[in-house]
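From a predicted model like this one, the values you see are computed outputs, not experimental measurements.
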Amino acid sequence: MKQIISILILYFFIPFSLCAQPYNAEDSSDLPCTTDSVIVIRQHVPPVFFEINQYKLKITPRLHATLDSVVKYQTHCSSLWIHGSASPEGPMQWNQKLGQYRANALVDYLAQETGITAHTFHTENQGENWRSLEKILENDPNFPHKERILEILSTEPDSECRKFKIKAIDKGKTWNKLIAEIYPKLRYASLTLITYYAKQPPITPTISLMYPSTPPVKISSLHSSEQTSFYDTGKRSDWKIALKTNLLFDAMLVANLGLEISPWTHWSFDIPVWYSPYNISSTHNIRLLAVQPEIRWWAKEAMTGHFIGLHTHIAGFNIALNNYARYQDPNHALWGLGLSYGYAMSFGTNAHWGLEFNIGAGFAKYRYDAYRNWDNGPKFKSGSDCYWGVTRAGVTLSYKWNLSRKNHTK
């Protein structure tokens with residue numbers, strides 16, 4: 001009977017040009033562009049970063065900061081420039097696409113959240129961001145072989161040749177150090193707010209250098225009540241929702257469907273349900289109605305990476321796996337508790353699809369009646385027991401989406 005219970009409980013150009021040239025994110029001078037009657041102020045917002053080879057936005061304090069700055073200053077802005085950047089490792093053709101994908105991802109998010117029309121946004125694809133790499137190295141006196149790297153960047157125009165020469169410096173050690181310490185700073189999308197002011201009365205701005213060396217611009221002509229903290233994130237959150245099916249039970253011909261909801265960054269609530277009212281054959285069946293809710297804590301963010309969970313289970317069952325006996329609950333459902341560990345990953349366009357692996361252990365308390373496994377077979381035994389062991393296992397396919405919830409206060 002314990003073998004049967006073991007099987008039972010396994011389970012996100014400027015519309016009118018007043019300046020001679022459009023804004024370039026690599027222009028370190030950052031001086032106001034002027035005409036006879038207009039001053040143009042460029043206000044930089046700290047960038048949002050991406051995982052390597054990814055262009056899906058993650059809901060982070062820095063992304064909230066970007067959104068909050070747009071909400072605060074959109075009435076002052078004339079246009080918004082979005083810059084997408086990729087780090088140099090990997091194929092150059094893919095990195096060029098990746099920079100544009102990251103810029104587009106930030107545009108789509110800000111347009112959806114603020115309602116700003118698309119023509120207000122302008123994207124600039126920086127591709128492999130060698131220029132920012134050079135600036136970071138220039139300000140890092142302790143990076144090994146710094147002068148040699150800067151020499152390669154200044155004398156070798158070809159991207160692939162640059163990579164080859166840097167990798168050859170000390171058999172790849174310096175290249176790997178770049179990947180670990182500097183390249184993550186180059187995988188970003190950033191926002192610059194362009195604002196036009198009449199030359200009279202004069203405006204005295206405080207200008208910042210380009211990312212990453214200084215914090216955002218503060219414009220002295222704005223009233224102090226209009227200033228905002230770029231890290232005030234307590235006013236909004238996004239829910240994640242996933243529909244799921246456990247492929248292990250699908251393979252056992254046990255119908256199942258799950259729903260996972262995450263209203264917080266590191267927590268989610270998973271509710272899988274199994275319902276199998278049919279016989280597999282005349283002598284074999286796994287008929288059950290079960291639910292196993294679980295609360296999960298995620299190390300990185302909900303539905304991504306590693307998690308630990310606390311689950312409970314309740315099940316009614318009628319199971320026969322051989323010709324000897326059929327086991328049925330006598331109107332007392334199986335119940336129990338357990339702990340689990342798992343890992344989840346995303347794939348597909350915009351990472352809506354996911355695959356999750358998990359295993360859990362705990363106990364299950366149950367009672368049963370045993371019947372001879374033939375038509376109208378008599379009951380020959382009743383009993384109860386407490387099972388200790390695996391209580392949850394799965395290879396689960398899911399489809400995920402975000403549900404935005406706004407609560408901006410003035």
Side-chain angles (χ1 to χ4, degrees), residues 12 23-32 41-52 54-74 76-77 79-87 98-114 116 120-126 129 131-140 181-195 205-220 222 226-238 265 300-301 408:
F12 178 164
Y23 173 71
N24 187 336
E26 297 181 356
D27 179 8
S28 61
S29 64
D30 196 35
L31 295 176
I41 302 298
R42 302 168 183 158
Q43 180 180 1
H44 301 308
V45 178
V48 293
F49 295 98
F50 296 81
E51 296 293 333
I52 184 171
Q54 299 296 314
Y55 54 90
K56 176 187 176 184
L57 279 174
K58 294 184 177 181
I59 305 304
T60 63
R62 187 158 283 194
L63 182 59
H64 288 164
T66 301
L67 176 60
D68 289 342
S69 66
V70 173
V71 171
K72 284 286 184 179
Y73 295 122
Q74 61 180 313
H76 299 279
C77 292
S79 64
L80 300 96
W81 281 83
I82 307 292
H83 324 287
S85 170
S87 51
L98 197 56
Q100 188 63 52
Y101 292 161
R102 288 170 175 169
N104 292 343
L106 185 55
V107 168
D108 292 343
Y109 175 79
L110 294 176
Q112 176 183 335
E113 294 295 314
T114 63
I116 297 176
T120 308
F121 293 94
H122 309 279
T123 62
E124 180 178 326
N125 179 13
Q126 295 177 300
N129 198 348
R131 178 58 177 160
S132 290
L133 171 61
E134 184 177 6
K135 285 184 173 294
I136 293 172
L137 289 175
E138 288 173 350
N139 291 283
D140 186 348
E181 297 181 10
I182 295 183
Y183 285 177
K185 302 174 185 178
L186 309 181
R187 305 168 191 143
Y188 66 82
S190 64
L191 168 67
T192 299
L193 298 92
I194 307 296
T195 308
T206 301
I207 303 297
S208 76
L209 294 177
M210 166 195 137
Y211 161 80
S213 56
T214 57
V217 171
K218 294 180 180 179
I219 301 177
S220 59
L222 296 179
E226 293 180 353
Q227 301 298 331
T228 182
S229 166
F230 287 100
Y231 296 93
D232 179 12
T233 62
K235 298 179 181 178
R236 66 183 308 281
S237 64
D238 285 346
T265 301
K300 192 172 185 180
E301 66 173 285
H408 292 291

Problem set entry | Under 3.5 Å donor-acceptor, Arg102 side chain and Leu57 backbone | no

Problem set entry | Ser85 side chain to Leu186 backbone, donor-acceptor under 3.5 Å | yes

Problem set entry | Lys135 with Glu138: basic N within carboxylate O range, under 4.0 Å | no

At what distance, to the nearest 0.5 angstrom, does [atom1] of [X] lie from [atom2] of [Y]?
X	Y	atom1	atom2	answer
Ser87	Ile182	OG	CD1	11.5 Å
Thr114	Asp68	OG1	CG	11.5 Å
Leu106	His83	CG	NE2	10.0 Å
Ile82	Glu124	CD1	CD	11.0 Å

For this session: Tell me, please, which residues at least two apart from Asp108 pass side chain to side chain contact (heavy atoms under 4.5 Å, CB included).
Result: none

Problem set entry | Stepwise side-chain contact (heavy atoms from CB on, under 4.5 Å) test for Lys58 and Glu51 | CA-CA 9 Å; Lys58 294 184 177 181; Glu51 296 293 333; 3.1 Å; yes

Exercise. Can you tell if the side chain of Tyr188 reaches within under 4.5 Å of the side chain of Asn129, non-hydrogen atoms only?
Worked result: yes

For this session: Over all heavy atoms of both residues, which pair between Pro47 and Ser190 is shortest? Give the atoms and the distance, please.
Result: CB-CB, 3.7 Å

Exercise. Can you list the residues that meet the side-chain hydrogen bond (donor to acceptor under 3.5 Å, both in side chains) rule with Glu181, with sequence neighbours excluded?
Worked result: Lys177

